[in-house]
Amino acid sequence: MSSFYKKFHHNLLKIQKYSVIYVPIGQKGLTDMKIRNIAIIAHVDHGKTTLVDNMLKQAGTFRENEHVDDRVMDSGDIERERGITISAKPTSVLWHDYKINIVDTPGHADFGGEVERILSMVDGVVLLVDSAEGPLPQTKFVLSKALKLGLRPIVCINKVDRGDARPDEVLSETFDLFDKLGADDAQLDFPYLYAVGRDGWAVRDLNDEHKDLTPLFQLIVDHVPAPDCNGSRCQLNAPFTMLATTLESDPYVGRILTGKIESGTVHVGQSVKAINMNGEFIENAKITKIIEHRGIEKISRESASAGDIVVVAGFSKATVADTLCDPSVTEPIPAMPIDPPTLTMTFFVNTSPLAGKSGKKLTSRMIGERLFKEAETNIALKVTQSENKESFEVSGRGELQLGILIETMRREGFELSVSRPRVVMQTGENGEMLEPIEEVVVDVDDEFSGVVIEKMTKRKATITEMKASGGGKTRIVFSAPSRGLIGYLSEFRTDTRGTGIMNRVFDKYGPYRGPIVQYRPGVLVSMENGVTATYALHNLEPRGVLFVGPQTEVYSGMIIGEHSKENDLEVNPIKGKELTNVRSVTADEKLFLAPPRKMSLEEALSYIQDDELVEVTPATIRLRKKELDSGKRKKLARGKEEI
């Protein structure tokens, strides 16, 4: 397919995302169908989105001759570029006489808040486990949340066509995980399938014909209970109530809230209200739209009843975890508590001399509005403003989550400076200091296990499990403080020559494990404003590794490279060669520079120290000293030495 048609199809998907198809009330398939609500949960890269793709295709969502991109549910640009799911997205398929509402969830631990909040609106989950890797930290996290809600998972051993697949062992490991997490007898008696989501088939027994996903659809229909509309909350004849689970902004209808209707029926034009988790009144509203997700389209409805997952519009203040209900309702629907953030960064206004050259949104007011708006939709984020109104403390689940937020703001035209990530500490019952502890699972070749254990031990990690995983590889499970893992991933990849795999997830808050000594060489700091010269950079190369190339704008206080020694060194990268009338053989000798070291946003955030910032603009990512003035930096350094 040509690049023109690829671009055309990508834009068409964006249009379809907001297209609304009107369906008359009472049409068969929308109001009279049997409903099943499920979520697809798993560790990152275990095949959730790919499986949903094939479920949509085999349920007849697309025409036979319609071209459909891979991972159609990953509609965001960053999701497609990185190959990960960032936000939970609902869809639905029609299979025989059933409407199956499906929620595709993120697999990365940093976006665990997305999984936690949507589990309350489904009646069952499909747990995907890689047939070679087995259960990993995020598998444990999402499964524990599902079991606490009393859900009975379906286990799907995916990617059984891998050369190193071990489906029976992985099934046994999954059972052990259920038992370890305190599953009851009904949950332990889970049904299971073997599948290859990419090829679109699933079987109850590996000897069965590898045909399609019919066994999975049938198991969902048979095992997942229908919404209990005769229960204590889910009642068709009771007043309308719905728990808002996700919040979006639609360019056509404004603020839209997604959730499962717990009781009653809602109609377009109906007067409703919103109350918070404490039952306090928020606002009155009139329902302007009721929309359901069908494949990648949005279908407009005139009404919806208890048990269905829908999108409603008409509210201006209601947000995630609020109860949308009939005016007669006074009791809110209980919302599942979300795990606290473990990492924080400080967002500053960009004060560098190059500020405003590529971005249009520069002020603290603009940055603050954008951050508080993000905190509304992403309940795993916490944003607070400093007393001087010039900076914001943003707390989240990890470096990736905060990095995605910064990257999104950068693409929207924001310029800002960001500090080094810091862990969020807590105080225990007896006044002791507690820090976030993570479970880290490392898969490495046997020859690299020694260096990984050595590095992790220096970062105050302890080994909880170690076993051979076959094929010359070792699996090591660590309990490590979050602050010791900041910036370690790139070092880990170097130590294992790119072959190691590290997965981590928040475990608990535990006692402070003492100071961690982390060595990083000094940096080369520009002492002048201007444009870098090849001559100057050539003379600086013996001093260390450069981060900038020739003809790059720099300013005083900007970090342009890594020093080969421990101390910071101020250098002049713009100095040109002095002209002279004297000729020599080497006067016009060509100068060759090594390629500069380029850092991604996440690498830059983990590289900087406490006295440094990452300057983020739509065009570039720069490293700089927090204090740009050389004299003031020296005074601060002397003050620290005296202390």
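Atoms considered below: every heavy atom in the structure, side chains included; atoms not considered: hydrogens, waters and symmetry mates.
In terms of heavy-atom proximity, Lys286 sits nearest to Ser271 at CE-OG, 4.1 Å. The shortest non-hydrogen separation linking Val329 to Pro239 is CG2-CB, 3.8 Å. Nearest heavy-atom pair, Ala226 versus Asp123, reported as atom, atom and distance to 0.1 Å: C-OD2, 4.5 Å. Shortest non-hydrogen contact noted between Val115 and Pro106 is CG2-O, 3.6 Å. Across Ser263 and Ala306, no two heavy atoms sit closer than the pair CA-CB, 3.8 Å. Between Pro421 and Glu399, the shortest heavy-atom distance links the atoms CG-CG, 4.4 Å.
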Run the side-chain hydrogen bond (donor to acceptor under 3.5 Å, both in side chains) check on Asn54 and Gln58 step by step: do they pass?
CA-CA 6 Å; Asn54 278 293; Gln58 294 188 24; 4.7 Å; no
Given Leu605 and Met345, is the side chain to side chain contact (heavy atoms under 4.5 Å, CB included) satisfied, shown in steps?
CA-CA 10 Å; Leu605 290 172; Met345 294 181 187; 3.7 Å; yes
Assess the residue pair Phe506 and Leu343 against the criterion (side chain to side chain contact (heavy atoms under 4.5 Å, CB included)); give the C-alpha distance rounded to whole Å, side-chain angles, the decisive distance to 0.1 Å, and a yes or no.
CA-CA 11 Å; Phe506 172 75; Leu343 208 65; over 6 Å; no
Let's go through Thr258 and Thr245 carefully: what are the C-alpha distance in whole Å and the side-chain angles of both, what is the deciding distance for side-chain hydrogen bond (donor to acceptor under 3.5 Å, both in side chains) to 0.1 Å, and is it a yes or a no?
CA-CA 6 Å; Thr258 305; Thr245 309; over 6 Å; no
Run the numbers on Thr105 and Ile118 for side chain to side chain contact (heavy atoms under 4.5 Å, CB included), then give the verdict.
CA-CA 8 Å; Thr105 63; Ile118 65 93; 3.6 Å; yes
Stepwise side chain to side chain contact (heavy atoms under 4.5 Å, CB included) check, Leu56 with Val93:
CA-CA 6 Å; Leu56 292 173; Val93 298; 3.4 Å; yes
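Residues Val122 and Ile38 have side chains not in contact (no heavy-atom distance under 4.5 Å, counting atoms from C-beta outward). Between Thr49 and Val52, the closest side-chain pair of non-hydrogen atoms is not below 4.5 Å. Residues Asn101 and Asp308 form a side-chain contact, since some pair of their non-hydrogen atoms from C-beta on lies under 4.5 Å apart. A heavy-atom distance below 4.5 Å is found between the side chains of Asn378 and Gln401. You'll find the side chain of His43 stays beyond 4.5 Å of the side chain of Asp130, heavy atoms only. Counting only heavy atoms from C-beta outward, the side chains of Thr91 and Met55 never approach each other to under 4.5 Å. Leu485 is not listed as a side-chain neighbour of Phe478, based on a closest heavy-atom distance of 4.5 Å or more. Tyr194 is listed as a side-chain neighbour of Asp168, based on a closest heavy-atom distance under 4.5 Å.
Between the OG1 atom in Thr319 and the CG atom in Leu257 there is a gap of 7.0 Å [rounded to 0.5 Å]. The CD1 atom of Ile309 sits 10.0 Å away from the CD1 atom of Ile102 when rounded to the nearest 0.5 Å. Going from atom CG of Leu400 over to atom CG of Leu405 covers 11.5 Å, rounded to the nearest 0.5 Å. A distance of 7.5 Å separates NZ in Lys273 from OG in Ser328, rounded to the nearest 0.5 Å. The CG atom of Leu402 sits 8.0 Å away from the OG atom of Ser395 when rounded to the nearest 0.5 Å. Here the CG atom belonging to Leu219 is positioned 12.0 Å from the CG atom belonging to Leu213, to the nearest 0.5 angstrom.
Without hydrogens or angle criteria, Arg36 side chain to Val221 main chain gives a donor-acceptor distance under 3.5 Å. With Glu283 contributing its side chain and Ala318 its backbone, the two residues share a donor-acceptor pair below 3.5 Å. Proximity of a side-chain donor or acceptor of Gln187 to a complementary backbone N or O of Leu147 within less than 3.5 Å is detected. In terms of modelled atom types and a separation under 3.5 Å, the side chain of Ser300 and the main chain of Ile291 share no donor-acceptor contact. Side chain of Thr464 to main chain of Val477: a donor-acceptor pair is present (N/O by atom type, distance under 3.5 Å, no hydrogens or angles). Looking at Ser131, its side chain does come within 3.5 Å of a backbone N or O of Asn158 through a donor-acceptor pair. Panel note: side chain His293, backbone Ser92; no donor-acceptor pair is recorded below 3.5 Å. At least one donor-acceptor pair closer than 3.5 Å links the side chain of His223 to the backbone N or O of Arg152.
Within a 6.0 Å sphere centred on CE of Met425, heavy atoms belonging to other residues, nucleotides or ligands number more than 12. Heavy atoms from other residues, nucleotides or ligands lying under 6.0 Å from CZ of Phe190 number more than 12. Summarising the local packing, CG of Asp185 is surrounded by 12 or fewer heavy atoms from other residues, nucleotides or ligands at distances under 6.0 Å.
With sequence neighbours left out, Asp161 forms a side-chain contact (heavy atoms from CB on, under 4.5 Å) with Lys159, Val196, Arg198, Asp199. Scanning for salt bridge (Lys or Arg N to Asp or Glu O under 4.0 Å) contacts around Glu169 gives Arg166, with sequence neighbours left out.
Contacts classified as salt bridge (charged side-chain N to carboxylate O under 4.0 Å, His left out) and involving residues 310-328 (residues at least two apart or in different chains) are not found. Applying the salt bridge (charged side-chain N to carboxylate O under 4.0 Å, His left out) test to pairs two or more places apart or on separate chains, those with a residue in residues 370-381 are Arg255-Glu376, Arg370-Glu374, Arg370-Glu412. Applying the salt bridge (charged side-chain N to carboxylate O under 4.0 Å, His left out) test to pairs two or more places apart or on separate chains, none has a residue in residues 329-338.
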Quick one: side chains of residues 436-443, donor-acceptor pairs under 3.5 Å with protein atoms, not counting sequence neighbours, listed by atom name and distance.
from	atom 1	to	atom 2	distance (Å)
Glu438	OE1	Arg504	NE	2.8
Glu438	OE2	Ser482	OG	2.8
Glu438	OE2	Arg504	NH2	3.1
Glu439	OE1	Lys140	NZ	3.1
Asp443	OD1	Arg475	NE	2.9
Asp443	OD2	Arg475	NH2	3.3

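Across Leu243, Val272, Ile275, Ile333, a single residue satisfies side-chain contact (heavy atoms from CB on, under 4.5 Å) together with Cys325, and that is Ile275.
Ring orientation note: the planes of Phe392 and Phe372 are nearly perpendicular, at an angle over 60° on the 30°/60° scale.
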